[in-house]
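Worksheet: the structure to be examined is printed underneath.
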Amino acid sequence: MSGPDGRPIRVLVVDDETTLSELVSLALRYEGWEVRTAERGTAAVSIAREFRPDVAVLDIMLPDIDGLEVLRRLRADAERIPVLFLTAKDDVSDRIAGLTAGGDDYVTKPFSIEELVLRLRALLRRSHLGLTVDSSTLEVGDLTLDEDSREVHRGGDLIPLTATEFELLRFLMRNPRRVLSKAQILDRVWNYDFGGQANIVELYISYLRKKIDAGRPPMIHTMRGFGYVLRPAA
């Protein structure tokens, strides 16, 4: 997805749990979106006035003003901004309060990052704020990856991949001709540091090569001392 004029989607993430906020931000940046974060409600309102987000992810429980008041102030400045509430409460009345106050959707902690991204995508589609939906298909040379069907083809041949192999290939294909370090790949594909076990990246790169490059001109290349790069076959 992209915003008006083809710019990246802008997302404001407001949560006082730093680890959670960083994890959500990482996942959204992986989608190619621009992200700003705030740990307090008043800071969120200030950032929103300058950042002008397309959508906000907003925790209800904040250290200063609560998420409902933040929503009221955000809507006073930008009436149409869609908002997804985060809440640790699994109480029906709490959900109703958020939706009644003008929230567009909510997820209850703990939640799946994948679910959060899908809900944000749905919110943006429903909001019709001049946003455009890009093709779900990534193409590099004769290699194609469909993000919706999760099918991968090379030269027209279907290539079955495991979930992790798919995520690794998707990251490589979103960054064609760009050298990616093992640390970057760990952060984006596995979302955490393996504590020195960076050889997991080497292992999965070898799995991909056997499926993507076997019997064909190679596309996945090792840049010794730097990382890996995917580029169209020569």
Side-chain angles (χ1 to χ4, degrees), residues 1-134 136 147-148 174 188 191:
M1 298 183 106
S2 59
D5 304 321
R7 62 165 174 74
I9 296 291
R10 295 174 185 158
V11 188
L12 176 62
V13 177
V14 188
D15 197 300
D16 62 335
E17 295 181 47
T18 304
T19 301
L20 176 62
S21 181
E22 289 177 351
L23 183 60
V24 170
S25 298
L26 183 67
L28 298 183
R29 290 190 179 103
Y30 178 53
E31 294 295 314
W33 298 355
E34 188 176 351
V35 184
R36 296 281 181 84
T37 62
E39 296 183 358
R40 292 177 173 270
T42 49
V45 174
S46 177
I47 291 170
R49 287 170 180 161
E50 177 268 325
F51 183 49
R52 302 184 66 81
D54 298 303
V55 65
V57 178
L58 181 59
D59 190 15
I60 287 185
M61 304 298 292
L62 295 168
D64 49 359
I65 58 176
D66 65 25
L68 303 181
E69 176 60 19
V70 174
L71 173 60
R72 188 188 68 77
R73 297 187 190 185
L74 290 179
R75 289 279 169 80
D77 293 331
E79 182 179 351
R80 297 177 64 194
I81 179 175
V83 170
L84 174 71
F85 272 122
L86 303 180
T87 175
K89 299 179 180 178
D90 195 18
D91 183 74
V92 174
S93 63
D94 189 65
R95 302 178 207 168
I96 292 174
L99 297 176
T100 302
D104 300 278
D105 201 354
Y106 68 89
V107 293
T108 303
K109 298 178 182 179
F111 54 83
S112 157
I113 292 294
E114 183 178 21
E115 178 190 6
L116 179 71
V117 172
L118 290 174
R119 294 223 185 179
L120 286 175
R121 284 181 171 273
L123 262 185
L124 290 164
R125 288 191 179 96
R126 293 201 303 268
S127 65
H128 303 297
L129 298 179
L131 303 171
T132 58
V133 180
D134 298 333
S136 65
E147 295 182 293
D148 290 338
R174 283 183 172 178
R188 298 298 181 90
N191 290 327

Checklist entry - Given L68 and F85, is the side chain to side chain contact (heavy atoms under 4.5 Å, CB included) satisfied, shown in steps? => result CA-CA 9 Å; L68 303 181; F85 272 122; 3.8 Å; yes
Between [atom1] on residue [X] and [atom2] on residue [Y], distance to nearest 0.5 Å:
{"X": "R10", "Y": "I81", "atom1": "CZ", "atom2": "CD1", "answer": "11.0 Å"}
{"X": "E17", "Y": "E39", "atom1": "CD", "atom2": "CD", "answer": "10.5 Å"}
{"X": "R52", "Y": "L12", "atom1": "CZ", "atom2": "CG", "answer": "13.0 Å"}
{"X": "T37", "Y": "D16", "atom1": "OG1", "atom2": "CG", "answer": "12.0 Å"}
{"X": "D54", "Y": "I9", "atom1": "CG", "atom2": "CD1", "answer": "5.0 Å"}
{"X": "L58", "Y": "L74", "atom1": "CG", "atom2": "CG", "answer": "7.0 Å"}

Looking only at non-hydrogen atoms, find the nearest pair between [X] and [Y] and report the distance.
{"X": "D104", "Y": "L123", "result": "CB-CD2, 3.2 Å"}
{"X": "F51", "Y": "V11", "result": "CE2-O, 3.4 Å"}
{"X": "A48", "Y": "P53", "result": "O-CD, 3.6 Å"}
{"X": "G32", "Y": "P8", "result": "O-CB, 3.5 Å"}
{"X": "V13", "Y": "S21", "result": "CG1-OG, 3.9 Å"}
{"X": "V57", "Y": "L116", "result": "CG1-CD1, 4.4 Å"}

Next on the checklist: Could you go through I65 and V70, starting from their C-alpha distance and side-chain angles, then the distance that decides it, and tell me whether this counts as side chain to side chain contact (heavy atoms under 4.5 Å, CB included)?
Outcome noted: CA-CA 7 Å; I65 58 176; V70 174; 3.8 Å; yes
Item to check | Test log, rule side chain to side chain contact (heavy atoms under 4.5 Å, CB included), inputs R40 and L62 | outcome: CA-CA 6 Å; R40 292 177 173 270; L62 295 168; over 6 Å; no
Next on the checklist: Check this for me, if you would: do E147 and R174 make a salt bridge, where the nitrogen-to-carboxylate-oxygen distance has to be below 4.0 angstrom?
Outcome noted: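 Yes, E147 and R174 are salt-bridged.
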Please examine the side chains of [Y] and [X], heavy atoms only from C-beta on, and report whether any two atoms are closer than 4.5 Å.
{"X": "E22", "Y": "L26", "value": "no"}
{"X": "V24", "Y": "D15", "value": "no"}
{"X": "L71", "Y": "R75", "value": "yes"}
{"X": "E34", "Y": "L28", "value": "no"}

Next on the checklist: Using side chain to side chain contact (heavy atoms under 4.5 Å, CB included), reason through W33 and L124 one step at a time and then give a plain yes or no.
Outcome noted: CA-CA 12 Å; W33 298 355; L124 290 164; 4.1 Å; yes
Next on the checklist: Check whether F111 forms a cation-pi arrangement with R119 (NZ or CZ under 6.0 Å from the six-membered ring centre, at most 45° off the ring normal).
Outcome noted: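 Ring-cation test returns no.
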